[in-house]
Amino acid sequence: MTAHTAAADSLAELLLSRIRDIPDYPQPGVVFKDIAPLLADAAAFAAMVGALADRATALGVTKVVGLEARGFVLAAPAAHAAGVGFVPIRKQGKLPGPVHSRSYDLEYGSAVVEVQQDAFAPGERVLVVDDVLATGGTVSAALDLLRQAGAELAGVVVLMELGFLDGRSRLAEHLGAAPLEALITV
Ligand SMILES: O=P(O)(O)OC[C@H]1O[C@H](OP(=O)(O)OP(=O)(O)O)[C@H](O)[C@@H]1O
Ligand SMILES: Nc1ncnc2[nH]cnc12
């Protein structure tokens, strides 16, 4: 679900203009969406963080969850701007204490992600933030972890959705009634 307003369109145009296509990275056949130029542009970065924080506020969440590593760069400032806490979902072996774990496949590989078992108090509502939705493998695994950890999913927002990979369909069963939004869809 993406709001097709003039403001959303002009935000999408600004953000898209700062994302660079890198063909055949990290492997042949993949066109990598490089967000480094966007992060380096203060105005574009601020506009993106503001849009993510607005979603957190509108959904009334108590935490923003970020997915390692690029998701952290978006989710942590969005949580701060929205006045709520941040929770990391990390790659295997990086979080101390008891964790929930999940393996998954993504567009160019496979991995295991984890969340600390005590990350959420009862009744917490969370927004999941990541940079790119490709096949949906990463976000699906994250949503499974959040369910195990007892968090209530309020929504998922990504900077860029690669529509041709149809991650959205893969996510449908994991989302329940929660919205999936993209600031940009290509
Ligand atoms: O929809 P999918 O096919 O699962 O792909 C999307 C994921 O791939 C990238 O993460 P990556 O594991 O490359 O990690 P990084 O953020 O550490 O670069 C990206 O940041 C998303 O999390
Ligand atoms: N094409 C892509 N560009 C950037 N990040 C990605 N994660 C998965 N697929 C990706």
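Atoms within a ligand are numbered from 1 in the order they appear, just like the ligands themselves. The structure presented is a predicted model; accordingly, all values stated were derived computationally and were not measured.
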Ligand 2 contacted by Thr138 (non-hydrogen, < 4.0 Å): no

4.0 Å heavy-atom contact, Leu106 with ligand 2: no

Residue and atom name of the nearest protein heavy atom (relative to atom 3 (O) of ligand 1), distance in Å to one decimal: Thr135 OG1, 2.5 Å

Pairing of Arg55 and Glu181 as salt bridge, 4.0 angstrom limit: yes

Contact check, Arg70 vs ligand 2, heavy-atom distance below 4.0 Å: yes

Proximity of Glu68 to ligand 1 by residue part, where a heavy atom lies under 4.0 Å: backbone

Atom 5 (O) of ligand 1 - nearest protein heavy atom and its distance: Ala134 CB, 3.7 Å

N-O pairing of Glu124 and Lys63 below 4.0 Å: yes

Under-4.0 Å heavy-atom contact with ligand 1, by part of Leu106 that carries it: both

Short N-O contact, Glu161 and Arg168, less than 4.0 angstrom: yes

Proximity of Phe72 and Phe86 rings by center, below 6.0 Å: yes

Leu67 contact mode with ligand 1 (heavy-atom cut-off under 4.0 Å): neither

Shortest heavy-atom approach to atom 4 (C) of ligand 2 - which of Glu107, Lys33, Met160: Lys33

Arg70/Asp130 salt bridge by N-O under 4.0 Å criterion: no

Closest approach of any protein heavy atom to atom 6 (C) of ligand 2, naming residue and atom: Tyr108 OH, 3.5 Å

